[in-house]
Amino acid sequence: MTASTHDAAVDRQFSPRAAAYLTSAVHAQGEDLVQMAAIAGQHPAARVLDLGCGGGHVSFHVAPQVAQVTAYDLSQQMLDVVAAEAVKRGLANLVTRQGKAEYLPFGDGEFDLVMSRYSTHHWQDAGRGLREAFRVLKPGGIAVFADVVSPGEPLLDTWLQTIEVLRDTSHVRDYSVAEWTRMLTEAGFTLQELAPRRLPLEFQSWVTRMRTPDTLVAALRHMFGLAPDVVRAHFDVRDDASFTSDTATIVVRKPG
């Protein structure tokens, strides 16, 4: 029998798709990556944790700027892809470590910077994961979280969470900026900067990357086809079901 835990769902969804996330244009580029690399460049002696590294794009962008990067992910197959790509790129200061966000196998204050991109919405307990990020960060250290965010309005939120979980059964929640702010504050962080952005998503590559089953792809197209005007307007839904999500890059600091 297949394991039915959330960790198993995440591993089942992403391990077979590791190479696709390495080459995904959506994940390999973006203003948020530029912002993260710029922050890393201000700390050349830093040890950096790329929390929920996925295809490794944060690691690849910041490794040339810092002393060491630890790419950390639940999927060992993702980590194998990242490690192989790091060798190709000559990034000898990039190491990998396997585990889940809510239980980090690192000591208190082990990292100068913690960065996480498009990962938190998969965490079963985001609050605990953020508290762990706070714990392993040095006093005075900086953390950067970038993810899709919910618009916050109930109707738009319901539609966003629905299309996300239909496309990817390991999805937990796209949090609103208000939810992010609350969780980060409760974890102990102080807010430094918040950069809202918009992320266009081409429908066919969006579902192909996740190998969404045909029945669920049909359900997604049906959902977009009957979406009310306010949903279509906010997410800029196109005739081919391509759409645009809200994202945010949030920079926080651990006091000290």
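Counting from 1, the numbers follow the sequence of the chain as shown. Small disclaimer: the values here were computed from a predicted structure and weren't measured.
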Asks: Taking the side chain as every heavy atom from C-beta outward, state whether L130 and L184 have any atom pair closer than 4.5 Å.
Replies: yes
Asks: Where is the tightest heavy-atom contact between D147 and S119, given as atom of each residue plus distance?
Replies: OD2-N, 4.1 Å
Asks: Grab the two heavy atoms, one from V217 and one from T212, that are nearest each other, plus how far apart they are.
Replies: CG2-O, 3.5 Å
Asks: May I ask you to check whether Y72 and F106 place their ring centres under 6.0 Å from each other?
Replies: yes
Asks: Do R173 and D157 meet the salt-bridge criterion of a basic N to acidic O distance under 4.0 Å?
Replies: yes
Asks: Please name the pair of heavy atoms, one in S245 and one in L160, separated by the smallest distance, quoted to 0.1 Å.
Replies: OG-CD1, 4.3 Å
Asks: Hey, are the side chains of E164 and D168 touching, using non-hydrogen atoms and a 4.5 Å cut-off?
Replies: no
Asks: Can a salt bridge be assigned to the pair D32 and R117 using a cut-off of 4.0 Å between side-chain N and carboxylate O?
Replies: yes
Asks: Does G141 offer a backbone N or O that forms a donor-acceptor pair with the side chain of K254 under 3.5 Å?
Replies: no
Asks: What pair of heavy atoms forms the shortest contact from F134 to A187, and how long is it?
Replies: CG-O, 3.3 Å
Asks: Between V95 and V48, is there shared hydrophobic-cluster membership here, with clusters defined by ILVMFWY side-chain heavy atoms closer than 4.5 Å?
Replies: no
Asks: Report the C-alpha distance between L33 and V58 in whole Å, list the side-chain angles of each, state the deciding distance to 0.1 Å, and finish with yes or no for side chain to side chain contact (heavy atoms under 4.5 Å, CB included).
Replies: CA-CA 6 Å; L33 281 175; V58 171; 3.8 Å; yes
Asks: Would you say the side-chain atoms of E193 pair up with the backbone N or O of I250, donor to acceptor, closer than 3.5 Å?
Replies: no
Asks: Calculate, to the nearest 0.5 Å, the distance between atoms CG and NZ belonging to L113 and K138 respectively.
Replies: 10.0 Å
Asks: Side-chain heavy atoms under 4.5 angstrom apart, residues restricted to Ile, Leu, Val, Met, Phe, Trp, Tyr: same cluster for F224 and V230?
Replies: yes
Asks: In terms of side-chain geometry, is the basic nitrogen of R182 or E179 positioned less than 4.0 Å from the acidic oxygen of its partner?
Replies: no
Asks: Please step through side chain to side chain contact (heavy atoms under 4.5 Å, CB included) for the pair D246 and V148, ending with a clear verdict.
Replies: CA-CA 6 Å; D246 300 285; V148 173; 5.9 Å; no
Asks: Group every Ile, Leu, Val, Met, Phe, Trp and Tyr by side-chain heavy-atom contacts under 4.5 Å, then state whether V87 and F60 land in the same group.
Replies: no
Asks: Please report the closest heavy-atom contact between V66 and A46, naming both atoms and the distance.
Replies: CB-O, 3.6 Å
Asks: Go through the steps for F203 and F243 under the test ring-ring contact (aromatic ring centres under 6.0 Å, His included), then give the verdict.
Replies: CA-CA 7 Å; F203 180 83; F243 66 102; 7.6 Å; no
Asks: Does R89 come within less than 4.0 Å of E85, counting only side-chain N to carboxylate O?
Replies: yes
Asks: How long is the straight-line distance from OG1 of T96 back to CG of D80, given to the nearest 0.5 Å?
Replies: 7.0 Å
Asks: Test S242 against D240 for side chain to side chain donor-acceptor pair (under 3.5 Å), laying out the working first.
Replies: CA-CA 6 Å; S242 296; D240 68 348; 3.0 Å; yes
Asks: Is L166 close to M223 at the side-chain level, that is, under 4.5 Å between some pair of heavy atoms?
Replies: yes
Asks: Counting distance only, does the side-chain N/O of Q98 pair as donor-acceptor with the main-chain N or O of L74 below 3.5 Å?
Replies: yes
Asks: Could you grab the distance from atom CG of L104 to atom CZ of R97, nearest 0.5 Å is fine?
Replies: 10.0 Å
Asks: Rounded to the nearest 0.5 Å, what separation is found between the OG atom of S59 and the CE atom of M36?
Replies: 10.5 Å
Asks: Ring-plane angle category for W123 and F145, please: parallel below 30°, perpendicular beyond 60°, tilted otherwise.
Replies: perpendicular
Asks: Are any side-chain N or O atoms of H61 and backbone N or O atoms of H57, one a donor and one an acceptor, separated by less than 3.5 Å?
Replies: yes
Asks: Starting from L51, can I reach L79 by hopping between I/L/V/M/F/W/Y residues whose side chains sit under 4.5 Å apart?
Replies: no
Asks: Mark yes when over 12 heavy atoms from residues, nucleotides or ligands other than R221 sit less than 6.0 Å from its CZ; otherwise mark no.
Replies: yes
Asks: Rounded to the nearest 0.5 Å, how far apart are CZ of R209 and CZ of R167?
Replies: 5.5 Å
Asks: Spell out, yes or no, whether V165 and W206 are grouped together once hydrophobic residues are joined by side-chain heavy atoms under 4.5 Å, including indirect joins.
Replies: no
Asks: State, without any angle test, whether Q161 and H171 hold a side-chain donor-acceptor pair at a distance under 3.5 Å.
Replies: yes
Asks: Under 4.0 Å between a Lys/Arg side-chain N and an Asp/Glu carboxylate O for R47 and D112?
Replies: no
Asks: Looking only at heavy atoms, which two atoms of Y175 and A126 are closest? And how far apart?
Replies: OH-CB, 3.5 Å
Asks: Hey, is the main chain of D125 close enough, under 3.5 Å, to the side chain of E102 for a donor-acceptor pair?
Replies: yes
Asks: Step by step, work out the side chain to side chain contact (heavy atoms under 4.5 Å, CB included) result for H121 and V172.
Replies: CA-CA 6 Å; H121 65 274; V172 175; 6.0 Å; no
Asks: Measuring from L49:CG to S116:OG, what's the distance to the nearest 0.5 Å?
Replies: 8.5 Å
Asks: Tell me, with the steps shown, if L156 and V231 meet side chain to side chain contact (heavy atoms under 4.5 Å, CB included).
Replies: CA-CA 6 Å; L156 300 177; V231 171; 4.0 Å; yes
Asks: Treating D73 as the side-chain partner and C53 as the backbone partner, does any N or O pair qualify as donor plus acceptor under 3.5 Å?
Replies: yes
Asks: Within a strict 4.5 Å, meaning less than it, do heavy atoms of the E202 and Q204 side chains meet?
Replies: yes
Asks: Can you tell if the side chain of I142 reaches within under 4.5 Å of the side chain of V252, non-hydrogen atoms only?
Replies: no
